[in-house]
Number of protein chains: 2
Amino acid sequence: MSCLQGAAIMRGSRPPTNDTRPLSGENMSMPAIPSPASKPRLRPRLDQLKRADRIYGHVFDAILEQRLPPGTKLSEEALGEIFGVSRTVIRKTLLRLAHEGVISVRHHHGAMVATPSAEDARQILEARRVAELAIVRQATRMITREQITELQDLVAEERASFERGDRGTGIRLSGEFHMLLALVANNAPLAHFVRGLISQTSLIISQYEVPGSNICSYDEHAQLIKVIRGGGEEQAVRAMDAHLAHIGERLNLGAEKASTDLREVFAHIVNGPGRQRARSAAAAGAGEKKRT
Amino acid sequence: MSCLQGAAIMRGSRPPTNDTRPLSGENMSMPAIPSPASKPRLRPRLDQLKRADRIYGHVFDAILEQRLPPGTKLSEEALGEIFGVSRTVIRKTLLRLAHEGVISVRHHHGAMVATPSAEDARQILEARRVAELAIVRQATRMITREQITELQDLVAEERASFERGDRGTGIRLSGEFHMLLALVANNAPLAHFVRGLISQTSLIISQYEVPGSNICSYDEHAQLIKVIRGGGEEQAVRAMDAHLAHIGERLNLGAEKASTDLREVFAHIVNGPGRQRARSAAAAGAGEKKRT
DNA sequence: TCCTATCAAATTGTATCCAGTTTGGCCGTT
DNA sequence: AACGGCCAAACTGGATACAATTTGATAGGA
């Protein structure tokens with residue numbers, strides 16, 4: 001596992017729903033992502049964030065660093081007790097995480113860490129490809145010398161973290177690399193989109209990565225910087241494409257994990273012998289995605 | 001204005017944060033968007049949605065159809081009274097709308113319909129271009145004859161709505177066209193992303209469209225279908241690119257609207273003669289986007 | 001012994017209540 | 001008369017209390 005998770009940059013720079021500027025007439029509720037021009041301020045001290053944001057950050061990090069593996073139940077009461085707040089704040093946090101796709105929430109069933117299917121994984125990686133190729137192309141056009149230095153510093157940190165065995169920080173920084181690149185491209189919606197995809201990629205990796213492949217990708221990041229600095233758009237796009245492809249190659253998406261969608265598994269059965277309750281399942285599934 | 005707003009398909013098919021499937025082992029909290037293969041069920045009756053979803057839908061539609069113009073204050077108490085629920089439910093709804101970028105929420109100031117800046121608009125349209133070009137390419141590869149028929153029916157409805165003067169429905173259907181295309185491409189994250197961008201485009205149009213340009217785009221949609229049916233990916237991409245470009249051309253993004261970011265307007269002033277409170281503004285603006 | 005139905009514990013969803021913040025108005029001072 | 005500060009009303013943020021739903025367990029019957 002390597003190079004595709006990210007946490008801090010995304011969390012810190014985005015006091016999400018209720019930050020904002022106090023005296024502005026214009027206003028875009030798009031998550032406030034600082035442009036690279038103004039000292040991105042990657043990791044604002046957690047202390048000075050609002051409680052809800054702090055909790056969000058902690059849970060987010062825990063998920064990305066896989067201390068909370070996919071499928072883990074996230075009880076509102078338990079979380080509230082842990083962080084010393086009422087369920088109100090926890091619910092707000094969970095709603096945000098759900099919206100970003102890292103947890104799934106079911107009516108009257110609570111929240112759990114998302115367990116993307118192989119098909120989900122395929123779609124997410126493809127979406128990342130679409131977004132990040134556009135980002136790297138734009139970034140190659142716009143990047144300043146200062147920003148190149150920032151990226152290089154980031155990769156240096158990333159490498160240092162991995163080399164001194166601090167895998168957690170390494171994973172985080174490797175995600176931040178992709179985020180910082182997105183900020184360079186100066187497109188807030190795209191950056192926000194990629195941020196979510198990166199975090200979901202983390203879940204995918206923890207589920208589908210083949211055991212042996214513990215290759216870290218800071219060297220690919222360094223290579224990417226070189227190409228971007230060179231200014232060749234198409235070359236940069238190809239480099240990013242290859243980088244993302246390598247991520248996909250380390251996954252085993254061929255065989256779906258054991259636990260898949262039950263209704264799909266038993267789709268051929270006309271009407272199960274089960275209790276009448278089976279009906280409610282079908283009804284609840286009305287507006288839901290159904291691939292194939 | 002035409003062809004870029006959308007409401008129903010997105011709302012209806014997406015009992016957002018707390019829908020989900022009841023008996024599935026796999027689970028992806030990505031918004032559940034039905035695939036085109038299974039009768040998309042574009043407009044499930046509002047009656048059978050949960051209250052929170054119903055309210056969300058009503059507000060969402062009102063914003064997209066510009067019955068709630070940008071800048072409108074959305075008081076929790078007022079909304080709660082209108083829909084006959086407590087503020088709790090309203091807050092949940094507002095959080096969701098904020099996540100999707102159609103409203104902006106400020107700490108202790110409440111929610112208001114978003115007023116994207118010209119720069120926001122530029123970024124949103126560019127993001128749409130990135131996403132929709134990829135979508136149309138993929139859709140051209142995968143589309144079935146059935147899906148082509150669905151798209152044609154949709155455009156027919158769209159045209160009929162406009163021709164009988166039902167502009168509201170027309171606007172909705174014209175957005176649904178883009179959404180349906182995204183569903184054909186069979187990539188849930190991309191479809192979700194585009195959904196948000198489409199709704200934000202609606203806000204942009206209501207702010208920046210030049211008065212004269214009341215051209216409706218069902219003919220361009222029909223043309224797009226033809227090209228897609230033809231199967232030429234590059235041709236389809238070019239057609240979509242042109243279509244999106246036309247949207248941008250109808251906007252006046254050159255001169256920022258009157259009300260822009262105050263801090264930017266008075267940036268050249270060293271330190272306003274104002275009360276000490278000016279400081280808090282600067283502090284609150286710490287983690288916020290700062291273009292240029 | 002196995003199956004079914006009823007019931008209770010647990011947990012989420014919703015409403016209400018209290019606290020903190022903002023904002024506009026009023027009053028005193030200069 | 002104008003400016004600055006104080007105060008109260010309005011509204012949002014958070015916590016607690018109550019209602020609804022799920023789910024596992026237990027008792028009854030075939």
Side-chain angles (χ1 to χ4, degrees), chain A residues 15-24 29 49-56 72-98 103-112 262 272-281 283-285, chain B residues 15-24 29 48-56 72-98 103-112 262 272-281 283-284:
Chain A
T17 292
N18 16 344
D19 126 81
T20 50
R21 61 222 85 165
L23 274 179
S24 76
S29 75
L49 289 175
K50 290 186 188 40
R51 264 181 318 180
D53 294 329
R54 270 199 40 217
I55 297 171
Y56 165 83
T72 305
K73 174 82 186 294
L74 299 175
S75 157
E76 296 182 359
E77 193 177 347
L79 287 174
E81 202 165 323
I82 290 171
F83 291 105
V85 296
S86 77
R87 283 175 44 217
T88 309
V89 180
I90 299 297
R91 287 176 70 100
K92 190 172 162 184
T93 300
L94 292 180
L95 276 177
R96 185 173 163 204
L97 289 167
I103 71 174
S104 78
V105 180
R106 301 189 326 176
H107 213 65
H108 273 295
H109 286 251
M112 56 181 257
L262 286 187
R275 348 233 285 261
Q276 193 68 5
R277 183 168 303 173
R279 186 209 56 78
S280 92
Chain B
T17 291
N18 12 344
D19 127 81
T20 51
R21 61 220 87 164
L23 275 178
S24 76
S29 74
Q48 66 188 30
L49 290 175
K50 291 186 187 38
R51 264 182 319 184
D53 294 330
R54 271 199 40 218
I55 297 171
Y56 166 82
T72 305
K73 174 80 185 295
L74 299 175
S75 157
E76 296 181 0
E77 194 176 346
L79 287 174
E81 203 166 323
I82 290 172
F83 290 106
V85 297
S86 78
R87 282 176 45 219
T88 309
V89 180
I90 299 298
R91 289 180 60 153
K92 189 173 162 183
T93 300
L94 293 180
L95 272 178
R96 185 172 163 204
L97 289 166
I103 72 174
S104 78
V105 180
R106 300 189 327 176
H107 213 63
H108 273 296
H109 285 250
M112 56 181 258
L262 286 187
R275 348 233 284 261
Q276 192 69 5
R277 182 167 305 172
R279 187 208 56 78
S280 92

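Quick caveat, the model's predicted, so the values are computed rather than measured.
- Residue B:L95 contributes atom CG, which lies 14 Å from atom P of C:dG13 at whole-angstrom precision.
- Of all heavy-atom pairs spanning B:Y56 and B:T93, the tightest one is CA-CG2, 3.6 Å.
- Protein atom CG of B:L94 is 13 Å distant from nucleotide atom C1' of D:dG13, rounded to whole Å.
- Toward the 5' end of DNA chain D, the nearer of the two residues A:V85 and B:G110, judged by each one's closest nucleotide, is B:G110.
- Distance, B:L74 CG to D:dC11 C1': 14 Å, rounded to whole Å.
- The phosphate of D:dA15 has OP1 or OP2 within less than 4.0 Å of a side-chain N or O from A:R51.
- Put simply, the side chain of A:V105 reaches to within 4.5 Å of the side chain of A:I103, judged on heavy atoms.
- Taking atom NE2 on A:H109 and atom C1' on C:dG13, their separation rounds to 13 Å, with Å as the unit.
- With sequence neighbours excluded, the residues satisfying salt bridge (Lys or Arg N to Asp or Glu O under 4.0 Å) with B:E76 are B:R87.
- Phosphate contact (OP1/OP2 of D:dG14, side-chain N/O of A:T88, threshold under 4.0 Å): absent.
- Minimum heavy-atom separation, B:A111 to B:L94: CB-CD1, 4.1 Å.
- When the P atom of D:dA15 is taken as reference, atom CZ of A:R91 falls 14 Å away, rounded to whole Å.
- Both B:G84 and A:H108 sit near DNA chain C, but only A:H108 has its closest nucleotide nearer the 5' end.
- One finds no side-chain N or O of A:K73 lying less than 4.0 angstrom from the OP1 or OP2 phosphate oxygen of C:dT11.
- In this structure, B:I103 places its CD1 atom 13 Å from C1' of D:dT12, rounding to the nearest Å.
- OP1 or OP2 of C:dG13 has not a single side-chain nitrogen or oxygen of B:K92 nearer than 4.0 Å.
- Residue B:R87 places a side-chain atom within donor-acceptor reach of the base of D:dG13, judged by atom type and a 3.5 Å distance cut-off alone.
- Partners of A:S75 by side-chain hydrogen bond (donor to acceptor under 3.5 Å, both in side chains), not counting sequence neighbours: none found.
- The distance from atom CD of A:E76 to atom P of C:dA10 is 17 Å, rounded to the nearest whole Å.
- Not one side-chain nitrogen or oxygen of A:H107 sits closer than 4.0 Å to the OP1 or OP2 atom of D:dT22.
- Rounded to a whole Å, the CZ atom of B:R106 is 11 Å from the P atom of D:dG13.
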